[in-house]
Amino acid sequence: MFVYFHDNPHFFQVPSQKFEKMASIRFVALEKSLDHHPVHVEAPSEKISDYFGEHVFSDRFMQQFMSEPAYKSVRSSILHGTPLERKVADLVASGMKAWAISKGATHYTHWFQPLTGRTAEKHDSFNTPLRDGSSFESFDGEKLAQQEPDASSFPHGGIRNTFEARGYTAWDPSSPAFIIGKTLCIPTVFISYTGEALDYKTPLLRALHAVDDAATAVCQYFDKSITKVTATLGWEQEYFLIDEALVQVRPDLLLTGRTLFGHSSSKGQQLDDHYFGSIPSRAHAFMREFEREAHLLGIPVTTRHNEVAPNQYEVAPIFEECNLAVDHNQLLMDLMEKIAARHKFRVLLHEKPFAGINGSGKHNNWSLSANAPKHRNLLAPGSTPKTNLRFLTFLINTIRAVAEQADLLRASIASAGNDHRLGANEAPPAIISIFIGDRLTEILEDLEKRTEKTNLSSDEKTELKLNIGRIPELLLDNTDRNRTSPFAFTGNKFEFRAVGSSANCANPMIVLNSAVAQRLNLFKKEVDKKINGGTKKDDAIIEVLRKYIIESKRIIFNGDGYSEDWVKEAQKRGLSNVKSTPRSLDFFLSEKARELFSSLKVLSDRELEARHEISMENYKMKIQIESRMMADMALNHIVPVALEYQRLLIQSITGLKEIYGDDFKSHAKDQIDIVEEISERVGIIRGSVYEMIEERKKANKKESVRDQAIDYCEKVKAYFDTIRYHVDKLELVVDNLHWPLPKYRELLFTR
Ligand code: ADP
Ligand code: MG
C-alpha cells in the first residue's frame, strides 16, 4: 500500500507501513501544508473609501465626539508638539471613550514601543464596578494622559533601578488613538520616573521637533509664510510568507526567524520569475485581508507585489508624517503576523531567513514638507530660480549631514539580522554613500566650479541663476535608478535602503532627522554671518552650499555599490566599512554622536549609554539563541538521522559481505564512501559544536555586555558557517525520506 502525495510535485510514493517509522515529521508537515487551501475572503462590496479610517479617532471623529475647547486643545498640541493641557484631558478622554464604546470597544490600552523593538500593550477594562453591584464605563484624563505600567522587565539599560521600577506612558496626540478588536489603543511615549526615554517614540518626537525648527528657520530665507516643516516617511516593507505547517517543524524558523541550516534549492531566484509575477492565490487572500484591516486603521497601504526571492513579497503605503508612518509600520507588522495565522501562513520579517537568496529590507523614503504653499516638498525642484535654490539648499544640506553622520546612520540600522544583508551583494554595503545620479552630480560640479571666484560679474550671476532655474528640466530625464546605493536621491526624496525589514524605522529616522537638523542649524549660522558681513542673501547661500559640496563630495558615489572596486575606492576616500553590529554600535558613544544628540536635546548621554547597552545585549541574546538552536538541531536532529542512515548502509555492507565474502569491497565501494563521509562530517559538526559551546562560556564571563557582544560576534558566530556547511552537505547525502527538516525547495515553493 502506498501513500501518494498527490498534487505536490516534490514527492514520490512512500510505502505507508514505513511512513510512520522512517519518513520524518517533515512529511507529516508537508501533507498538512497541502490541506492549506486558500482562505476564501469575501470581496467587500464597499469601496475602500467607505471604510478607510473607520477605526481611528481621527479629526472627523474628534470633532464629532469632543467639545469645542477639547478639540481645539488637541489640535494645538498636535501642531506645536506640546503635551495636552491637563484641564482639558478629562474632556478629551470622555470624547475618546464615547467614540470607542460606540465602536464596540470594552477595553483600552496604552500602546507603546519599548526598546525590545516591537510594541507593548496592557489592556484595562473601561468597566468599573460600583458597591451596589452595578457598574459603569469609566475613563478620564488621568487614565488618558499617564499610566504606570507594572513593567519592570522592559529593557532600560540601567536607567531604571529595580526599586524605582515605575515607567510612565503618556499620550502622544500627534498619533491618533485607534481600535483593534475590542480595545482602544492609545499611542504613548514611555519614559522613566526620572524623565528619560525608554522607548523609540520619545527621541523620535524630539528629533522631528528639532528638524522642524531648523528647517523652518532656513525656509524663512525663501518664503516668510512657511511656519512649519514636517518630515515625511514612506516605508516599503518586504517579507516572506511560509506555510505554517512547515514552519512548525523547523525549530530554527520558530525560535530565531531564520533558517540556520538548509541546502539551497536547485531552483532559487535565478530565473527572476517571481519578481512582479502574478501573486499566488493563497498569498493574495492573505494580502486582501490584512490590507482591509490596515485601511480600517487608516494605514494608507497602496502597493503590493511579489519580490525577487520565491515566496517573498512587498507592501508599501503612501508616505505620511514621519511619526505616524513609524507607528503605522509597527502596527502593520503586528497585523500581518496575526492575520497570517488565520491563513495558515507564517510571516517572516527577518532580514535574512534563507541563505543564498535575497533577504528583506525596508526602504525608508524620506523628505521634508513645508506648510506653505500647501504641502511643498522641499526636496522637489520648483519652477523658479528661487524655489530651485531652496531645493538645492535642502538637497546639499542633507548630503552634507549624511556625510557628517554616516557612521551613526550605519549604526542606526545595525542588527544581528541585518548583518547578513549588508554587503552580501543583494543589499547595499555597510559603507554609507549617496547616489544622486549623473545629472545632479554635474549640476553640483557646475555650481562648485562656477562659484570658484568670489566676485562674480553680474553676467556670470545671471548665468548661474539661469542654470539653477534649469534644474527641473535637467532632472526630468534623470531616471537612472541605482539599486545598489544605501542612500539614494530618487527625484524628490531620499531613499535609505539599508534599513532592515524587521527594524523599527524610528532608529534610522531619529538619526537622519537629527543629522539634518544639526546641519541646517549650522548652515543658518554660516549664512547669517555672511549676510551680517555685507554679502547678499542669495550669494551667501550659494557660497555656503559650494563649501558643503566640497566638504561632502567623497560620499557621493553613483557606481555599482556591490562591486569589489567600490570597497577599495571607499577605503581610499576614508569612508567607514564596519560590517558587524557590535562594532558599529560603538558609534553611538562617539564624541560626535553625543554632541549631536545632546545639542538638539534628542538623547542625553545617559539615554545614549542605556541604548547602546540595550542594543549590545539584544545582539548578544540573538546570537546566543541562534548558537544554542544550532547546537540543539545539529546534535539532536541532524547527527542522529545521519547516523541512522549510516547504520542502514553498514547493514547493507554487511549483507554484501555475506554474499560476496572477501570480494565484497568492490560491490560496497559507494556505501563505504558514504559511511566514511558521514563519519567525517558528523565528527566535524560535533567537534565544532562543542568548541562553540566553550566559546560561549568564555564570552559569558566577560565583564561588560559590550565585550560579551563582541565575543559572540567574533568568536561564537565564527562557528556557524562550518557547522552549517557540513549539515547542508549531509542533507544531500542522507536519504530524502529520513531528513527531518523541510528543505528549501519545500519552504520556498509551497504556495
Ligand atoms: P520604489 O521604486 O523604490 O518601489 P516608489 O517610487 O514606488 O519606489 O516609491 C516608494 C515610496 O516612496 C512610497 O512608499 C512613497 O509613498 C514614498 N514617497 C514618495 N514621495 C515621498 C516623500 N515626499 N516623502 C517620503 N516618502 C515619499
Ligand atoms: Mg524603494
Side-chain angles (χ1 to χ4, degrees), residues 52 204 207-208 211-212 215 219 226 228-239 274-277 279 287 291 294-295 298-309 312-333 358 360-382 387 390-391 394-395 397-398 402 421 426-428 434-437 472 475-476 478-501 503 505-506 508-509 512-513 516 561:
F52 188 85
L204 178 66
L208 292 172
V211 85
D212 174 10
C219 279
I226 294 174
K228 186 170 174 64
V229 173
T230 314
T232 51
L233 166 65
W235 40 262
E236 303 164 57
Q237 177 75 52
E238 293 181 335
Y239 61 96
H274 191 64
Y275 191 56
F276 279 22
I279 299 173
M287 290 174 184
E291 284 171 9
H295 289 145
I299 308 173
V301 291
T302 51
T303 311
R304 52 163 111 106
H305 62 77
N306 289 3
E307 260 301 329
V308 174
Q312 191 189 26
Y313 305 94
E314 177 182 299
V315 53
I318 292 171
F319 69 92
E320 298 176 276
E321 184 280 320
C322 188
N323 172 44
L324 190 59
V326 169
D327 282 0
H328 279 169
N329 180 242
Q330 290 295 112
L331 202 49
L332 190 76
M333 289 196 287
N358 278 15
S360 303
K362 177 149 56 198
H363 294 178
N364 276 201
N365 296 272
W366 173 91
S367 190
L368 291 172
S369 165
N371 65 342
K374 218 171 169 218
H375 306 308
R376 159 68 63 194
N377 180 353
L378 295 172
L379 286 172
T387 48
R390 184 175 72 192
F391 160 70
F394 282 95
L395 177 86
N397 270 284
T398 305
V402 171
R421 264 178 88 235
E426 58 168 85
I434 307 178
F435 167 87
I436 57 170
L475 282 186
L476 220 51
N478 185 36
T479 46
D480 51 333
R481 291 265 208 110
N482 185 328
R483 294 269 152 197
T484 66
S485 177
F487 202 89
F489 183 71
T490 48
N492 59 1
K493 61 188 186 292
F494 279 98
E495 185 166 345
F496 193 11
R497 298 214 185 96
V499 184
S501 49
C505 303
M509 285 299 113
L512 179 59
N513 287 296
V516 171

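As the structure lists them, so they are numbered: ligands from 1, and atoms in each ligand from 1.
Scanning both residues, Pro300 and His328, for their nearest heavy atoms gives CD-ND1, 4.1 Å. Nearest approach of Asn377 to Leu368, heavy atoms of both residues: OD1-O, 3.4 Å.
Counting the atoms of ligand 1 from 1 in the order shown, those under 4.0 Å from a heavy atom of Asn377 are 23 (N). Set against the non-hydrogen atoms of Pro317, the atoms of ligand 1 under 4.0 Å away are 13 (C), 14 (O), 16 (O). Proximity to Ser367 (heavy-atom distance under 4.0 Å) selects the following atoms of ligand 1: 22 (C), 23 (N), 24 (N). Residue contact check: Thr232 has heavy atoms under 4.0 Å from atoms 22 (C), 23 (N), 24 (N), 25 (C) of ligand 1. Near Ile318, meaning under 4.0 Å from any of its heavy atoms, are these atoms of ligand 1: 16 (O).
Distance check: Leu332 CG to Glu291 CD gives 9.0 Å after rounding to the nearest 0.5 Å. Atom CD of residue Glu320 and atom CH2 of residue Trp235 lie 8.0 Å apart, to the nearest 0.5 angstrom.
Taking 4.5 Å as the limit, every side-chain heavy atom of Phe319 sits out of range of all side-chain heavy atoms of Asn365. With contacts defined as side-chain heavy-atom distances shorter than 4.5 Å, the pair Leu208/Leu204 qualifies.
When the heavy atoms of Lys493, Glu321, Glu495 are ranked by distance to atom 18 (N) of ligand 1, first place goes to Lys493. Compare His375, His305, Glu236, His363 by their heavy atoms: the one nearest to atom 4 (O) of ligand 1 is in Glu236.
Ligand 1 has no nitrogen or oxygen under 3.5 angstrom from a nitrogen or oxygen of Leu233.
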